[in-house]
Amino acid sequence: MAPTTISEIHRLEGQEAHLRGWVYNTRSSGKLQFILVRDGSGVIQAVASLKNVGEELFQELGRLTQESSLEVWGMVKADPRAPGGFELSITRAKIVQIAQEYPISPKEHGIEFLLDHRHLWLRSSLQHAILRVRAEVIRSAREYLDDHGFLNMDTPILTPAACEGTTTLFQVEYFEEFSFLTQSGQLYNEATAAAFGKVYSFGPTFRAEKSKTRRHLTEFWMLEPEVAYAGLNDIMELEEKLIEHIVGRVLERRAEELKRLERDTSKLEKVKAPFPRLHYADAVKRLNEKGVDFQWGGDFGAPDEAVLTEDYETPFFVHRFPSQIKAFYMEPDPADPKHCLSVDCLAPEGYGEIVGGGQRIADYDLLLERIREHKLPEEAFEWYLDLRRYGSVPHSGFGIGVERTTAWLCGIEHVRECIPFPRTIYRMKP
RNA sequence: UCCUCAGUAGCUCAAUGGUAGAGCAUUCGGCUGUUAACCGGAGGGUUGUAGGUUCGAGUCCUACCUGAGGAGCCA
């Protein structure tokens with residue numbers, strides 16, 4: 001008999017099934033044992049009665065500890081009392097290993113302890129749900145872009161010299177020299193967009209920022225589309241359609257996980273394009289109206305973003321930030337050059353920025369001027385300037401943060417649970 | 001770097017300056033329908049570290065270490 005998985009077990013109702021997994025929890029009642037078995041696809045209660053399995057196997061099953069591994073055979077029965085709707089009546093079992101005392105008991109634990117045991121914490125049901133949502137965020141985002149003429153074109157993780165100043169970059173030895181871990185694939189995306197038209201990169205990015213908040217990781221994953229001949233409005237449209245697609249897929253394919261996370265999905269169902277668009281200057285006005293002391297020219301902190309998101313039930317755009325607080329490559333707004341054609345997408349319910357992007361400078365002279373203003377090493381940008389020497393066109397792109405998006409969709413507080421092994425300023429293990 | 005809080009059994013937490021305790025986990029026993037099962041017994045402690053005050057410190061004071069929450073920072 002071929003092994004099956006718990007997620008597929010409903011197909012074998014009334015028949016015998018073979019499962020391979022681990023013990024999630026056990027209960028016993030004299031001559032009955034209830035063994036919760038998980039196999040990565042789900043959890044099912046397996047029942048052993050002394051009468052059915054015999055003295056020898058019954059004794060052996062009694063030795064099972066939490067997270068012991070076992071193979072089990074039994075009859076699949078529908079049972080309304082079972083959480084998944086089915087239970088397994090054990091006929092045969094093979095213990096693979098009796099686990100030592102498992103550190104993560106079914107009761108509460110503190111975050112430090114859980115993070116120290118992240119490699120085991122991943123087996124818990126809430127972590128399972130979150131990471132399944134993450135996988136769906138990635139899958140659906142790539143699916144949307146792949147289906148809309150984009151080419152996946154990944155960018156290097158080791159990058160030469162300092163592209164945007166070294167303070168927030170991790171430096172690594174590179175033979176006799178040094179290189180830096182990428183903090184964005186964007187500059188390379190601009191090159192591949194000029195080669196292929198519509199591209200996206202997907203990979204880890206690294207920021208040596210000393211941020212210690214629920215929204216920051218030093219290593220996080222970004223999906224970054226870049227489109228030749230696209231302007232700010234084009235890119236906002238792409239962003240909102242992409243996010244609408246991701247949210248739709250997660251609602252459709254990860255309904256069970258969202259339920260386990262007790263996510264209020266009615267809020268996610270409201271996420272439909274187009275999203276509201278708010279000019280930076282209007283956002284400042286709005287903050288002031290709400291009693292927040294905020295001056296034109298500043299960047300929004302997490303509390304400011306939270307106040308702004310109060311007004312909306314869907315994600316929304318804040319566009320045309322002051323050039324002074326944005327990156328050197330942002331195209332100035334022709335209507336008002338103090339502002340640039342940049343855009344952040346903020347998620348509702350206080351989650352804040354999940355996407356950042358904008359239109360890039362296309363003009364060679366202006367880009368060179370900005371590189372000099374920002375005191376960046378000109379020679380390192382020669383290849384980047386080439387993109388403005390040879391067939392320069394308007395182009396735009398953005399980067400969507402996978403963990404922040406996942407945290408919002410799951411309705412959980414901290415991004416560190418949205419990646420299998422989080423890296424934060426004071427934590428590198430496990 | 002700054003501010004706030006915390007560190008006691010493997011875990012989550014109690015303990016008025018006066019005998020360090022409970023639940024979970026482990027272990028032994030009981031129970032034929034349990035749902036973070038339940039009931040009974042057992043083992044399990046250098047109270048983060050180093051000083052200090054005191055007749056007496058888990059508790060008060062000082063320094064340090066570790067962690068958490070937040071701020072700054074976040075193309």
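So that the names make sense, note that chain A is the first sequence line, chain B the second, and so on, each numbered from 1.
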Problem - Partner set under side-chain contact (heavy atoms from CB on, under 4.5 Å) for A:V393, not counting sequence neighbours - result: A:A228, A:Y229

Atom pairs and distances, side-chain donor-acceptor, residues 85-98 of chain A, under 3.5 Å, sequence neighbours left out:
unit_1	atom_1	unit_2	atom_2	d
A:T91	OG1	A:E16	OE2	2.9
A:T91	OG1	A:W73	O	3.2

Exercise for the section: Specify the separation, in whole Å, of atom CG of A:L346 and atom P of B:C74. Expected result: 17 Å

Exercise for the section: Dot-bracket notation for RNA chain B is requested: 5' to 3', Watson-Crick or G-U wobble pairs only, both distances under 3.5 Å, with ( ), [ ], | and . as defined. Expected result: (((((((..((((....[..)))).(((((.......))))).....(((((..]....))))))))))))....

Exercise for the section: Return the value, rounded to whole Å, for the distance between atom OH of A:Y426 and atom P of B:A68. Expected result: 10 Å

Exercise for the section: Describe the nucleic acid contact of A:G356 in one word from base, sugar-phosphate, nothing, applying a heavy-atom distance below 4.0 Å. Expected result: nothing

Handout entry: base_contact_polar (B:U66 base, A:E112 side chain, donor-acceptor, <3.5 Å)
Key = no

Problem - Sole residue of A:Y200, A:Y384, A:W383 in ring pair (Phe, Tyr, Trp, His ring centres under 6.0 Å) with A:Y188 - result: A:W383

Problem - A:K212 NZ to B:G67 C1', straight-line distance once rounded to whole Å - result: 8 Å

Exercise for the section: Return the set of residues passing side-chain contact (heavy atoms from CB on, under 4.5 Å) with A:Q66 (not counting sequence neighbours), or none when no residue passes. Expected result: A:Y102, A:P106

Exercise for the section: Identify whether any heavy atom of A:H216 sits under 4.0 Å from a base atom; if not, whether one sits that close to sugar-phosphate; answer base, sugar-phosphate or nothing. Expected result: base

Problem - Sugar-phosphate, base or nothing in reach of A:F300, heavy atoms under 4.0 Å - result: base

Handout entry: Interatomic distance, A:R215 CZ vs B:A71 C1' [rounded to whole Å]
Key = 14 Å

Problem - Pair A:R134 + A:E403, salt bridge at N-O below 4.0 Å - result: yes

Completion exercise
Which of B:A68, B:U12, B:A71 is nearest the side chain of A:P303? It is B:A71

Problem - Cation-pi geometry met for A:K338 and A:W296 (6.0 Å, 45°) - result: yes

Exercise for the section: Please list, chain by chain and in numerical order, all residues satisfying side-chain contact (heavy atoms from CB on, under 4.5 Å) with A:S211, sequence neighbours excluded. Expected result: A:E209, A:H216

Problem - Between B:U35 (P) and A:I44 (CD1): distance, integer Å - result: 18 Å

Exercise for the section: Taking ring-ring contact (aromatic ring centres under 6.0 Å, His included) as the test, write out the residues that go with A:F398, two or more places apart. Expected result: none

Fill in the blank from the handout: Residues passing the ring-ring contact (aromatic ring centres under 6.0 Å, His included) test with A:W22, sequence neighbours excluded, are none

Handout entry: Under the side-chain contact (heavy atoms from CB on, under 4.5 Å) test, residues paired with A:E101 that sit two or more places apart
Key = none

Exercise for the section: Under 4.0 Å from any atom of RNA chain B, heavy atoms only: list the residues of residues 9-41 of chain A that qualify, in numerical order. Expected result: A:N25, A:R27, A:S28, A:S29, A:G30, A:K31, A:L32, A:F34

Handout entry: Interatomic distance where CZ belongs to A:R427 and P belongs to B:G67 [whole Å]
Key = 7 Å

Problem - Closest to side chain of A:D79, choosing from B:U32, B:G33, B:G67 - result: B:G33

Handout entry: Listed nucleotide nearest any side-chain atom of A:E101, set B:A68, B:G72, B:U26
Key = B:U26

Exercise for the section: Kindly write out the residues that satisfy ring-ring contact (aromatic ring centres under 6.0 Å, His included) with A:F34, not counting sequence neighbours, or none if the list is empty. Expected result: none

Problem - ring-ring contact (aromatic ring centres under 6.0 Å, His included) against A:H319, all qualifying residues, sequence neighbours excluded - result: A:H279

Exercise for the section: Return the residues of residues 400-421 of chain A meeting this criterion: a heavy atom under 4.0 Å from some atom of RNA chain B. Order them by number, or give none. Expected result: A:H414, A:R416

Problem - From B:G10, B:G72, B:G33, nucleotide with atom closest to A:E87 side chain - result: B:G33

